[in-house]
Student: 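First the structure, then my questions, so here it is.
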2 protein chains.
Amino acid sequence: MSREEYIRFQFSKELLEEVINLIESGDDAALHVYFNEIHHADIAEVLGELSLDQATYIIKLLDSDTTAEVLMELDDDDREKILENFSAQEIAEEIAELDTDDAADIIAELSLERQRNVISKIEDPEHKADIQELLNYDEDSAGSLMAKELVKVNENWTVTRCVKEMRSQAEFVTRVHSIYVVDDAEKLIGRLSLKDLLVAKAKDEIKSIFIPKVDFVEVSDSIEEVSRLMQKYDLEAIPVVDNEKRLLGRITIDDIVDVIKEEAEKDYQLAAGITQEVEADDSILELVKARLPWLILGLFGGLASVIILQDFEEVMLLPNIKSLFFFTPLVAAMAGNVGVQSSAIIVQGLANDVVKGSLVNRLLKEVGLSLINGFALGTLVIIFGAILDFEFLFSLTVAVSMVCVIIVAALIGTFVPILLHRRGIDPAIATGPFITTSNDIFGIFLFFMIAKLILNF
Amino acid sequence: MSREEYIRFQFSKELLEEVINLIESGDDAALHVYFNEIHHADIAEVLGELSLDQATYIIKLLDSDTTAEVLMELDDDDREKILENFSAQEIAEEIAELDTDDAADIIAELSLERQRNVISKIEDPEHKADIQELLNYDEDSAGSLMAKELVKVNENWTVTRCVKEMRSQAEFVTRVHSIYVVDDAEKLIGRLSLKDLLVAKAKDEIKSIFIPKVDFVEVSDSIEEVSRLMQKYDLEAIPVVDNEKRLLGRITIDDIVDVIKEEAEKDYQLAAGITQEVEADDSILELVKARLPWLILGLFGGLASVIILQDFEEVMLLPNIKSLFFFTPLVAAMAGNVGVQSSAIIVQGLANDVVKGSLVNRLLKEVGLSLINGFALGTLVIIFGAILDFEFLFSLTVAVSMVCVIIVAALIGTFVPILLHRRGIDPAIATGPFITTSNDIFGIFLFFMIAKLILNF
């Protein structure tokens, strides 16, 4: 099981049972050995499957620095529950082991009173001040993602002094991403490549070897902007500065990976008619809260279509054309499907910045696309109409309506997200049930309008 | 505009017009200055908006090392077109500037004959051999993502020798992620932290300061597995070894970020009924190819519901209950919405590894959830029925059918993706139109079966 022997951790039921057995038989020594051998992310995975009591039992057995890292890897819910069994003093001790960004994240989840309590018990005054600073930044800003730990050198230092200072700084930095260069006013002026440092002579001044091109963000920049820049320029870390370019901290790519995943999951869930970030293993009540609102929206849409259908009843239930009614679900489903396709492409395009050009061009493109799709599907309807022995005029009515419905559905699916985006609203809410429901209604209405026109002609 | 002055690049129409003006007036000097000041990712963004001729004109103006980096950042389609104007010799020269992984990616896009031609013209024999090695790995394997450039040291070296060797290796490595430690047989045995190296004494042996815990993947491991490990353990780079643990290369997190994004986009598009990875600015024909197949699936589903409705015609079109037909779109839409919600949660849960426990438990949970949602929605139907003055038995029929339809739709939405996943098929194909269409049909059928039972009673 030891990672030193290169054996990869693999969660299994048997493993879980073994751990539970060890807990029940109180074999602390074996548990201690086992859990200090695997990665903290793996420990967190095992704890996530244990009961709260069992998880707390294991947590208290771990070495202090491991405990802190494991806490970071746990689900928010699990962490909250486990921390309830910790005193403010204990939390402060765990947090001392963490980087400032992780420490601030954990403290931010506590109640305000508990926050004050924990902070007052942090021993190292610098760590305390750093964490307090981080807690003040806006939740959606670069500041909320950054850590204070970084390696920085002054442009006036020699290589020898630089290496000496880096040695002492590096003790507090888990991982050296970049070496940032500042001037005497602490302003970020560039970065130093490890390569150049290795090649430089001991007496060279940093000034003469550093790279003045450096990407950075301001502490008030949005997380979205940080994510965009780090992805575009393939950065593993980016320095964060204040509005006078003074170096405040750095953001690493692992935090951005989490942001990218959360963003993608949120969009995916909205497209499927799920609000709030829920997971398959959340409670039934949480799942209901995330799903029911969209279903109620669908219900209202459905009731609207009932009313439309009642309006058309007299005309359409004439004996010779009543089977037109049978096509209602087909037309509604088609409108819904087309709308979801159009909106999904636009929402993704907006996120990736590929929706340029004018709105009119975009809509014209959807019309062209819909004409091709509509024509293909209309032809199929007429062929099936012949096979199923419908009257030609009848099949034609369905086919023509469908082409129109597809065009309108595509236009709505394109127009609404773009409009929302321009007004600063997340266009992803106009995917999924929103677009299917509104397109169902428009589709059915349009279908009967066109049918009435053609068949009464 | 210079990044040295910390001004962030922002694409705009005015900028594009200015560039086009400079091209038309043949002001090569100004273009050269401007494009050598901005980041290669920004250059690629501008080129993506120019015509092929204009883009090629700019490319030929750039410094050779910039050209190579810009080529890497272009869209696959744009790159392919631009490279058509390059001779094999020119491509080989550009590729000499790139890391082996990027070089191999570009060559892999060429025709087989052109590949041979370009490879034969690469001057550096080591670079050539590395690229040829990379081209041989399976497209979905760790090997296809890795680069040969890395910094490795032997456990028997002293710190002094280590720093000296790193100096010469670092020349060929754009960015030092980790220092890997190998034994005399070139087998990966650990890593060296920069921190420890900085603190160590000149005569210390690497053996005595390196960290024996190191994550790694085998060259034949799937990209999915690499992505899972790097995310789980927050790695910025991971070494790749052969089946005897010999160090072959390394994979960096920026490549994995691309994988994560592509994966998320693929799932999103499947859920919206779009196959192939298309973007909003792709051609109409490509968009039709991605969208029409799912619409045809929807058409067949719709035709199936027409046939079901015809079967129920005699019973249901009796004057007093014919308005039940008006509820068909409502019931179908509800079945579709519920199915999409259930399948999306399962697909996401499977991707994030949170769907544990037995299938029966999972299905029971969906039944519980559906009972709550169904009861809430059924109550609303009865309230609206009272407002709209329906007969109570009639409203009750709709409400009861809806509860049943919601349960069945949720079960189908849960069961099908899990089944596909267990058979090794991507469960994401069972979201979107697939699940809405099949649930439409089941929903309508169930609705009329239940209505017949209740109303004929």
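Chain naming here is simple, since letters A, B, ... match the order of the sequence lines and numbering starts at 1 in each.
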Student: Who are the side chain to side chain contact (heavy atoms under 4.5 Å, CB included) partners of A/Glu73, not counting sequence neighbours?
Tutor: A/His40, A/Ala41, A/Ala44, B/Asp234
Student: Between A/Ser370 and A/Glu366, which heavy-atom pair has the shortest distance, and what is it?
Tutor: OG-O, 2.6 Å
Student: List in chain and number order the residues that pass side chain to side chain contact (heavy atoms under 4.5 Å, CB included) with A/Thr436, two or more places apart in sequence or in another chain; answer none if no residue qualifies.
Tutor: A/Val340, A/Pro433, B/Asn337
Student: Can you tell which part of A/Asp440 gets under 4.5 Å to a heavy atom of chain B, answering side chain, backbone, both or neither?
Tutor: side chain
Student: If I measure from the heavy atoms of chain B, does A/Leu287 come under 4.5 Å with its side chain, its backbone, both, or neither?
Tutor: both
Student: Is B/Glu263 in contact with chain A via its backbone, its side chain, both, or neither, using a 4.5 Å heavy-atom distance?
Tutor: neither
Student: On the 0 to 90° scale, with breaks at 30° and 60°, tag the A/His39-B/Tyr233 ring pair as parallel, tilted or perpendicular.
Tutor: tilted
Student: Non-hydrogen atoms of chain B under 4.5 Å away: do they reach the side chain of A/Val338, the backbone, both or neither?
Tutor: both
Student: So which of B/Val163, B/Asp196, B/Ile284, B/Thr414 has the largest heavy-atom pair count under 4.5 angstrom toward chain A?
Tutor: B/Ile284
Student: Go through the atoms of A/Ile296 and report whether side chain, backbone, both or neither lie under 4.5 Å from a heavy atom of chain B.
Tutor: both
Student: Specify which of B/Leu303, B/Leu197, B/Ile444, B/Leu309 makes the most heavy-atom pairs with chain A at under 4.5 Å.
Tutor: B/Leu309
Student: Where is the tightest heavy-atom contact between B/Gly378 and B/Met402, given as atom of each residue plus distance?
Tutor: N-CE, 4.1 Å
Student: At a 4.5 Å cut-off on heavy atoms, which part of A/Ile211 comes close to chain B: side chain, backbone, both, or neither?
Tutor: neither
Student: Within the structure provided, determine whether A/Trp294 and A/Leu297 are in side-chain contact (heavy-atom separation under 4.5 Å).
Tutor: yes
Student: Examine whether an atom of B/Val257 lies under 4.5 Å from a heavy atom of chain A, and if so say whether it belongs to the side chain, the backbone or both; otherwise answer neither.
Tutor: side chain
Student: Specify which of B/Gly368, B/Ala376, B/Ala344 makes the most heavy-atom pairs with chain A at under 4.5 Å.
Tutor: B/Ala344
Student: Contact between A/Leu235 and A/Ile253 at the side-chain level, heavy atoms closer than 4.5 Å - yes or no?
Tutor: no
Student: Taking the side chain as every heavy atom from C-beta outward, state whether B/Phe390 and B/Val398 have any atom pair closer than 4.5 Å.
Tutor: no
Student: Measure from the side-chain N and O atoms of A/Thr431 to the backbone N and O of A/Ala428, and report whether any donor-acceptor pair falls under 3.5 Å.
Tutor: yes
Student: Please state whether the side chain, the backbone, both or neither of A/Leu377 comes within less than 4.5 Å of a heavy atom of chain B.
Tutor: both
Student: So which residue, A/Asp267, A/Thr252, A/Asp255, A/Thr328, ends up with the most heavy-atom pairs under 4.5 Å with chain B?
Tutor: A/Asp267
Student: At their closest point, which heavy atom of B/Ala271 faces which heavy atom of A/Tyr268, and how far apart are they?
Tutor: CB-CE1, 3.7 Å
Student: Please state whether the side chain, the backbone, both or neither of A/Lys261 comes within less than 4.5 Å of a heavy atom of chain B.
Tutor: side chain
Student: Are B/Leu229 and B/Phe216 packed together at the side-chain level, in the sense that at least one heavy-atom pair is separated by less than 4.5 angstrom?
Tutor: no
Student: Go through the atoms of A/Asp282 and report whether side chain, backbone, both or neither lie under 4.5 Å from a heavy atom of chain B.
Tutor: backbone
Student: Look at A/Leu285, A/Val306, A/Ile260 and state which one has the largest set of heavy-atom pairs under 4.5 Å with chain B.
Tutor: A/Val306
Student: As an exercise: rank A/Ser305, A/Ala333, A/Pro329, A/Ala264 by heavy-atom pairs under 4.5 Å with chain B and give me the winner.
Tutor: A/Pro329
Student: Looking at chain B, which one of A/Asp254, A/Leu369, A/Val331, A/Leu388 has the largest number of heavy-atom pairs inside 4.5 Å, strictly under?
Tutor: A/Leu369
Student: Which of the residues A/Met334, A/Lys365, A/Lys13 is involved in the greatest number of heavy-atom pairs with chain B at under 4.5 angstrom?
Tutor: A/Lys365
Student: For B/Val217, is it the side chain, the backbone, both, or neither that has a heavy atom closer than 4.5 Å to a heavy atom of chain A?
Tutor: both
Student: Looking at B/Gly339, B/Gly301, B/Ser342, B/Gly336, which makes the most heavy-atom pairs under 4.5 Å with chain A?
Tutor: B/Ser342
Student: Please state whether the side chain, the backbone, both or neither of A/Met230 comes within less than 4.5 Å of a heavy atom of chain B.
Tutor: neither
Student: Taking all atoms of both residues into account, what is the closest heavy-atom pair of B/Ile274 and A/Ile345, and its distance?
Tutor: CD1-CG1, 3.4 Å
Student: Please look at A/Phe327 and chain B and tell me whether the side chain, the backbone, both or neither of the residue comes under 4.5 angstrom of a heavy atom of that chain.
Tutor: both
Student: Does any N or O in the side chain of A/Gln341 come within less than 3.5 Å of the main-chain N or O of B/Gly273, such that one atom is a donor and the other an acceptor?
Tutor: yes
